[in-house]
Amino acid sequence: MLRVFTAFVFLSSITACGGGPKPSTYADHARYAYEQGLEALNDANYLEATEFFSSVKTKYPYSQYAALAEVRIGDTYFEQDQFVEAVGAYRTFIRRRPNHAEVGYAMWRIGESFFEQRPSEFFLLPPGYERDRSTTKDAVRAYRAFLLKFPKHKSALAASKKLKTCRENLADFELYVAGFYLRNERIRSAMGRLEDVVLNFDDVPSRWRKASLLLLDAYLTLGKAGSDGQIELKDGHIKARALVERISKKFPNTKFSRDAQQRLSRL
């Protein structure tokens, strides 16, 4: 997976291998080893990069580069698509150094690591929303935590966009399951999934609108007497009216709200 490594690139130009004066002090040795790790990472020499960064951590733990090396180890895992290991490295860094300037970066990369683990949309596979959602939920939590703490971070806009994508994925899953139930005439089961979207996905308007109309139909259907004279959802019409009122307030004077009112008026 091709990515552009951006963190602390300026340091890699300070002391290149074989050029400039040899390191003489503790701080110089730490910086030199760290820069060799950066150079190896930028060249995709991941084993060598890990060795340099680990050396900085163990040999120069009291230098400023020890903390930076911890973050770069996470980056090394990330660049190799070893996202579980990357999350572990970033979390360890945050736990050990909660006030470090790179905490925001590490929190963002945790979100990125989970985002990269979401189900693929590869055309030979089922759609991503049909498969496991745990990493998508983890990405949502990670991005929200990052944006809450660092709303003005340079990566905040990118994180917001990916958070929206994850939320759409989760809503699509609920709609997919609801559709399955509806196709199999299991309206009561579909109702629960649709209520989840209407209750929890206001931030995804397109999915909310779709779910609310399907839910309205479910309420109206279940609130009618069947061939045996029984009503499966006795407060179905009450729920339907409440939902239409919510739609009208949320989308006043729109075709969407008029459609909802017309469905209710057909009772």
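Keep in mind it's a predicted model, so treat the numbers as computed, not measured.
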> One thing to verify: whether Arg109 and Glu116 come together as a salt bridge, which I'm taking to mean a side-chain N less than 4.0 angstrom from a carboxylate O.
no

> Can you tell if the side chain of Arg263 reaches within under 4.5 Å of the side chain of Val244, non-hydrogen atoms only?
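They are not in contact (no side-chain heavy atoms under 4.5 Å apart), so the answer is no.
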
> What closest approach, in Å, do Phe115 and Cys166 show between heavy atoms, and which atom pair accounts for it?
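Heavy-atom minimum between the residues: CD1-SG, 3.6 Å.
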
> Mind checking ring-ring contact (aromatic ring centres under 6.0 Å, His included) for Tyr26 and listing every partner two or more places apart, or none if nothing turns up?
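For Tyr26 the ring-ring contact (aromatic ring centres under 6.0 Å, His included) partners, ignoring immediate neighbours, are Tyr60.
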
> Tyr34 and Phe52: aromatic ring centres closer than 6.0 Å?
no

> If you draw a 6.0 Å radius around CG in Asn253, do more than 12 non-hydrogen atoms from other residues or ligands fall strictly inside?
no

> Do Asn169 and Arg133 get their side chains close enough for a donor-acceptor pair, meaning under 3.5 Å?
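On atom types as modelled, these side chains do not qualify, holding no pair under 3.5 Å.
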
> Which residues satisfy the salt bridge (Lys or Arg N to Asp or Glu O under 4.0 Å) test with Lys250, sequence neighbours excluded?
Asp202

> Do the side chain of Ser63 and the main chain of Ala30 share a donor and acceptor less than 3.5 angstrom apart?
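Side chain of Ser63 to backbone of Ala30: no pair is present.
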
> Is the shortest side-chain heavy-atom distance between Arg207 and Arg167 below 4.5 Å?
no

> Which heavy-atom pair separates Trp208 from Val197 by the least distance, and what is that distance?
CD1-O, 3.7 Å

> Would you give the length of the straight line joining atom OH of Tyr90 to atom CD of Glu102, rounded to the nearest 0.5 angstrom?
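Output value for this atom pair is 10.0 Å.
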
> For Phe93, what residues pass the ring-ring contact (aromatic ring centres under 6.0 Å, His included) criterion, not counting sequence neighbours?
His100

> Can you tell me how far the CD atom of Glu35 sits from the CG atom of Leu68, to the nearest 0.5 Å?
11.0 Å

> Look up atom CD in Gln117 and atom CG in Asp81, then write down how far apart they are to the nearest 0.5 Å.
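Separation between the atoms: 10.0 Å.
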
> What heavy-atom pair brings Phe78 and Ala86 nearest, and what distance separates the two atoms?
N-CB, 3.8 Å

> Shortest non-hydrogen contact from Gln80 to Thr76?
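Here Gln80 and Thr76 meet closest at NE2-O, 3.0 Å.
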
> So, Asp228 side chain and Gln230 main chain: donor-acceptor pair closer than 3.5 Å or not?
yes

> Write down the atom of Ala27, the atom of Tyr65, and the distance for their closest heavy-atom approach.
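Closest pair (atom of Ala27, atom of Tyr65, distance): O-CE1, 4.1 Å.
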
> Can you check whether Pro98 reaches Val103 side chain to side chain, under 4.5 Å on heavy atoms?
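No. Closest side-chain heavy atoms not under 4.5 Å.
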
> Which value, rounded to the nearest 0.5 Å, describes the distance between Leu214 atom CG and Ile187 atom CD1?
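Nearest 0.5 Å value for the CG-CD1 distance: 11.0 Å.
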
> State yes or no: do Leu222 and Ile231 share one hydrophobic cluster built from I, L, V, M, F, W and Y residues joined by side-chain heavy-atom distances below 4.5 Å, directly or via other members?
no

> Looking at Arg96 and Glu70, is there a salt bridge between them, counting it only when a charged N and a carboxylate O are closer than 4.0 Å?
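Yes.
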
> Between Glu195 and Tyr219, do the side chains contain an N or O donor and an N or O acceptor separated by less than 3.5 Å?
yes

> Looking at Asp138 and Arg141, is any side-chain nitrogen of the basic one under 4.0 Å from a carboxylate oxygen of the acidic one?
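Asp138 and Arg141: salt-bridged.
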
> If you round to the nearest 0.5 Å, how far is CZ of Arg209 from CG of Leu213?
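The CG atom of Leu213 sits 9.5 Å away from the CZ atom of Arg209.
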
> State, yes or no, whether a side-chain contact exists between Phe150 and Ser155 at a heavy-atom distance under 4.5 Å.
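They are not in contact (no side-chain heavy atoms under 4.5 Å apart), so the answer is no.
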
> Is the shortest distance from a Lys or Arg side-chain nitrogen in Lys255 or Asp259 to a carboxylate oxygen in the other one below 4.0 Å?
yes

> Does Glu51 offer a backbone N or O that forms a donor-acceptor pair with the side chain of Ser54 under 3.5 Å?
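Such a contact is absent between Ser54 side chain and Glu51 backbone.
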
> Under a 3.5 Å distance rule, please check whether Thr221 uses its side chain to pair with a backbone N or O of Asp217 as donor and acceptor.
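The answer is yes, because a donor-acceptor pair under 3.5 Å joins these two groups.
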
> If we count only N and O atoms by modelled type, under 3.5 Å, do the side chains of Tyr105 and Asp75 hold a donor and an acceptor together?
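Their side chains do contain a donor-acceptor pair, which is all the 3.5 Å distance test asks for.
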
> Using the test salt bridge (Lys or Arg N to Asp or Glu O under 4.0 Å), find all partners of Glu112 that sit at least two apart in sequence or belong to another chain.
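Partners of Glu112 by the salt bridge (Lys or Arg N to Asp or Glu O under 4.0 Å) criterion, ordered by chain and then number, come out as Lys162.
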
> Do you see a donor-acceptor pair shorter than 3.5 Å between the side chains of Ser248 and Gln261?
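Looking only at side-chain atoms, Gln261 and Ser248 do form a donor-acceptor pair, the distance falling under 3.5 Å.
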
> Is any side-chain heavy atom of Leu233 closer than 4.5 Å to a side-chain heavy atom of Arg188?
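Side-chain contact under 4.5 Å: yes.
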
> Is the closest side-chain heavy-atom distance between Asn45 and Leu41 below 4.5 Å?
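They are not in contact (no side-chain heavy atoms under 4.5 Å apart), so the answer is no.
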
> Could you walk me through whether Lys164 and Val204 pass the side chain to side chain contact (heavy atoms under 4.5 Å, CB included) test, one step at a time?
CA-CA 8 Å; Lys164 180 182 178 182; Val204 192; 6.0 Å; no

> Do Ile94 and Ile110 come within less than 4.5 Å of each other through their side chains, counting heavy atoms only?
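They are in side-chain contact.
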
> Taking the side chain as every heavy atom from C-beta outward, state whether Glu174 and Leu194 have any pair of such atoms under 4.5 Å apart.
no

> Which atom pair, heavy atoms only, marks the closest approach of Lys59 to Pro61?
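Closest pair (atom of Lys59, atom of Pro61, distance): C-CD, 3.3 Å.
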
> Under the side chain to side chain donor-acceptor pair (under 3.5 Å) test, which residues partner Arg144, sequence neighbours left out?
none

> Measuring from atom CD of Glu48 to atom CG of Asp43, what distance do you get when rounded to the nearest 0.5 angstrom?
8.5 Å

> If a pair satisfies ring pair (Phe, Tyr, Trp, His ring centres under 6.0 Å) and one of its residues is in residues 181-202, list it, with sequence neighbours excluded.
none

